[in-house]
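First the structure, in the form of structure tokens, and then the observations on it.
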Amino acid sequence: MSRPDDRAPLRVEGLSLLTSRDILLDRLSFAIEAGEVLALSGGAGAGKTLLLRALAGLAPKGVTVLGDIHIRGRRLLVTQDGALDPFRTLGAQFAELLSRQSGLDERTALRRAAEALERFQVPAAARRLALHPHELGEAMRWRAALALAMAAEPALLLADAPAAALDPTQRVRLLSDLAAWTREAGTALLLAGRPQADPIRSGLARSNLADRRLVLAQGRLEVPPAEPTPAPSPAEPAPSGPPVLSVRDLRVAFPLGRNWRGEERWLTVVDGLSIELAEGETLALLGETGSGKSVLARAILRLVPPVGGQVTWLGTDLAAAPPETMRRARRDLQILFPDPLAAFDPLMTIGAQLAETLESLHPSRSPANSAARLADALEEVGLPAAVLDLHPGALLPAEAARAGLARALLPEPRLLVCDEPAATLDGSERADFLALLQAIRRRRRLALLYATQDAAEGLRIGRRALVLLLGRIVESADSAILTAGARHPYSRALIAAAGLAPPALHGDPPSPLRPPTGCALRLRCPLAHDGCAQVPPTLDPVAPGHRVACHVAQDDAQNDAQVGGKAP
Amino acid sequence: MHEPAGTDPHWRDGPWQKAGQRLTAHRPAAAGLTVLAALMLAVAAGLVAGGGPVGAALAAGHQSLSFALLAGLGGAALGLLWGGAAVALGERAERMMMTPAAALTGLPLALALPLAGGLLGPERGLAPMAVVAALIAAPAVAVIARDELRALLRREFLSAVQAAGIPNGRRLRRHILPNTVLPLAAAAWTALPRALMAESLASLLGLGLPEGVTGWGTAIGAAARAGDAVALAGPALLLALTLWALHGVGDGMRLAFTASTPGGRR
């Protein structure tokens, strides 16, 4: 009797993993067909890595494996760190693996290796084979690790959170290339970890990364519910009135010492940025590592000293403000940090730190009054008052994020600067926290500056959005406009990556120490022409309320306007 | 989502208790602490009981350990002051003060003690030798202390303290200083094995502890010259055991107290 999935490269029936005390995974059954891509997600500690190790036959000591794992053909596990042998060149590692697995001689193996790297758009692949892993960047190392795995022609590839540390545009591009290859080669691919499909629901970007998704929760496999149509965020009127926060030509740079000629070298992180924010407005700052969004957020609160420009809060220039004025401004300006746990002093209880903040910013309150306020603040973020007696080390990431929010809300701020506040959270915890943040924002009519690398999240939260690249704004528009039709290639890539669709950028981001001449994106941009290398584009309007810093987009907009002008 | 914490007493443990638990969970550190405590008791008991090769080795241990403690504490204090001052005085001063410290750690400084012993001659006192041993141990402590302080000053919670408008003096008193205690203790500890090592080497050559003061190094040197294997074994074993224990505890302190993750959670 033959069942349809008998020929599947991986078939798991009733797989349970037990220790002497706990059931880690409970009777999992699933199969992956040849050429299928299965995404496995789940919160931290859900057992994704453990499952992959068990499937690779590498279950840790002390764990009992029950149930059946049927694997047809060769299986390969790419571990979380994508480790390569640090002492040997890429070519030697390819040659060894291929000669052992497929009996290829060295020349054939190296040719196969170069072809494999080219599948991941590695330029001059044959020359890279002479390099050691430490000579490659993080992105290139991942390309090499996955190419090495695929070159061995496995029937089943288990990838544990591949390239999780890379920026979204690089990661999604890499995973898309991998998925395309496994589909073509008929390899079953199990992708654990990150790719949580949270596609932007505009029809603009449609994910084709994974064929199926499974979620691991409490040791069980669940099929995720059909994606709910998102509740359309209540249309908020554009806030009117004068801006409360105004940032003009802000520059932040860090000294790097002198070069051999004795000239000072500076790393410019924020390069002449100007933004304005009205009362109750929400603004998203979108950008990846090195875009300057985080430093901008901190420079606004004067946690990082700017080297030039102005930050004005309610008409007061914060750069020149005396300490007492600055303290009054800090009541209004609060911040959420990317790692909320690290933002608490490990030696003090949460209660003591909250009380300290309250006392510093609102010194006149009586002790009884302030104790009640602390309890209220925790209740508002959904934490029990018992948390006040705990040290930060006892908090889970989700609790720490909420405690950080409670601390920021204590002085009753008017502007909340969020620097990737949910970066340590995954899945439903993340969604819950963001929903809480949104609800509190609406109730308190807070202005919000939300820095994130996840374009979908930023565009959902911010009514307006700025896209940052190497410390400059490259596009600025309402979120709805950006979602429907971003003009800058970098904005498009960010939005595509957020929807898990392959972004159209190639290569790796340039070093901020040595940015390219002209447009900062031109080396990765599919639309770049010679002119892009000459002059850096300026941020100019292409439509009302929509500004773009891109030569190509500006030319297109001009042509459109001319055509529109000629039409009757 | 939230299970009320506090039912499990482990969750109530403060950061200091947790640091202690992490230290004793590191096996070499736990063994090292046990060995050191046992040695202290044995040396004290040996002083009282005395007699025999074991008693003599334990009595020599008293001199060696006292010297190492004295010189080590001096070196630690000097190193902490060096590193702390470098960080406090600003970037230029830091570079000027730390460049020589880093250069000195690369040199075989332990050889400076027998050199000083030879220069000071047979009439040398204990105090100048202790000062030289302290100077030998200080640069490494200074370098580690500087690195730890720099890492601490970069930590996010200090930005959060700043965002809460807390004045600098209070920030230093309430947040920076308490958080320096454990990492600096780990840095200071490294001075102890260094001082003991330098003293034993110098004494072995007859250029360390002054005449009439017999440390482990002196005893090993004398036994080696006399060709007395039995007399050599006792002090040599005790010295090796002590150095191993000191390094084990030092490793444990470094791992447990300077965890890069805040709160030491893994």
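Throughout, a chain's letter reflects where its sequence line sits, starting with A, and its residues are numbered from 1.
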Pair B/H175, A/E356: side-chain N/O donor-acceptor within cut-off below 3.5 Å: yes
Flag if over 12 foreign heavy atoms under 6.0 Å of CD, A/E263: yes
Enclosure of B/M197 CE (heavy-atom neighbours >12, cutoff 6.0 Å): no
Within the structure provided, determine whether [X] and [Y] are in side-chain contact (heavy-atom separation under 4.5 Å).
X: A/P338; Y: B/E156; answer: yes
X: B/K18; Y: A/H391; answer: no
X: B/V161; Y: A/D345; answer: no

Proximity breakdown for A/R302 and chain B, heavy-atom pairs closer than 4.5 Å: backbone
Which portion of A/M348 sits near chain B, non-hydrogen atoms under 4.5 angstrom: side chain
Value rounded to 0.5 Å, distance of CG in A/L347 from CG in B/L182: 7.0 Å
Donor-acceptor pair, side chain of A/S360 and main chain of B/A164, under 3.5 angstrom: yes
Heavy-atom closest pair, residues B/S159 and A/L303: O-CD2, 3.7 Å
A/L301 versus B/A163, closest heavy-atom pair with distance: CD2-CB, 4.5 Å
Contact class of B/R174 relative to chain A, heavy atoms under 4.5 angstrom: both
